[in-house]
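First up is the structure itself, then whatever we jot down about it.
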Amino acid sequence: QVQLVESGGGLVQAGDSLRLSCAASGRTFSTSIMGWFRQAPGKEREFVAAITWIGGSTRYADSVKGRFTISKDTAKNTVYLQMNSLKPEDTAVYYCAASLGSVVSMRSEYYNYWGQGTQVTVSS
């Protein structure tokens with residue numbers, strides 16, 4: 001099993017920045033890809049970004065390209081999501097996810113473990 005704990009959410013104004021963290025524990029060596037998803041009220045969960053533990057290859061949703069950066073600290077088993085130039089439409093619960101697979105997928109069904117989520121609210 002892998003446990004994921006997100007932190008760093010909060011209430012900010014449009015244009016501000018936030019950095020989310022996801023600390024992984026347990027059988028982390030079995031995972032190959034870490035991702036961030038988000039879910040706004042009344043909407044489906046959507047992909048935000050993902051990164052591979054080995055090599056650090058990344059993938060982003062078009063809606064966050066140029067504003068968000070995903071990174072990792074392998075020694076700490078921690079993944080980060082730096083969010084800049086935040087917009088009200090970025091308001092959502094942000095979830096960290098871990099995949100056992102080898103494809104950096106944007107589909108949530110490819111991810112095997114999930115955190116509890118952290119709320120990000122961006123006011124206009």
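- For the pair Leu100/Tyr113, a side-chain contact is recorded, criterion being any heavy-atom separation below 4.5 Å from C-beta on.
- Judged by distance alone, the side chain of Thr58 and the main-chain N or O of Ile51 form no donor-acceptor pair under 3.5 Å.
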Side-chain donor-acceptor pairs under 3.5 Å in residues 28-37, sequence neighbours left out?
from, atom 1, to, atom 2, distance (Å)
Ser30, OG, Arg27, O, 2.6
Thr31, OG1, Thr28, O, 2.7
Thr31, OG1, Trp53, NE1, 3.2
Ser32, OG, Gly101, O, 2.1

- Pair Leu86-Phe68, side chain to side chain contact (heavy atoms under 4.5 Å, CB included): steps then yes or no: CA-CA 9 Å; Leu86 282 162; Phe68 291 10; 3.8 Å; yes
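- Between the side chain of Tyr80 and the backbone N or O of Thr69 there is no donor-acceptor pair closer than 3.5 Å.
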- Task: Give the intermediate values and the outcome of side chain to side chain contact (heavy atoms under 4.5 Å, CB included) for residues Arg38 and Ser63.
- Result: CA-CA 12 Å; Arg38 67 186 181 186; Ser63 59; 3.5 Å; yes
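- Counting only distance, with no hydrogens or angles, the side chain of Glu6 and the backbone of Thr118 share no donor-acceptor pair below 3.5 Å.
- Side-chain atoms of Thr52 come within 3.5 Å of backbone N or O of Ser57 as a donor-acceptor pair.
- Residues Met83 and Asp90 fail the side-chain proximity criterion, which asks for heavy atoms closer than 4.5 Å.
- Counting heavy atoms from C-beta outward, Val2 and Leu4 have side chains that approach closer than 4.5 Å.
- Lys65 meets the salt bridge (charged side-chain N to carboxylate O under 4.0 Å, His left out) test with Asp62; sequence neighbours excluded.
- Of all non-hydrogen atoms in Ser17 and Ser85, the two that sit nearest each other are OG-N, 4.3 Å.
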- Task: With side chain to side chain contact (heavy atoms under 4.5 Å, CB included) as the test, would you mind laying out the steps for Glu89 and Val122 before giving the verdict?
- Result: CA-CA 8 Å; Glu89 51 263 44; Val122 185; over 6 Å; no
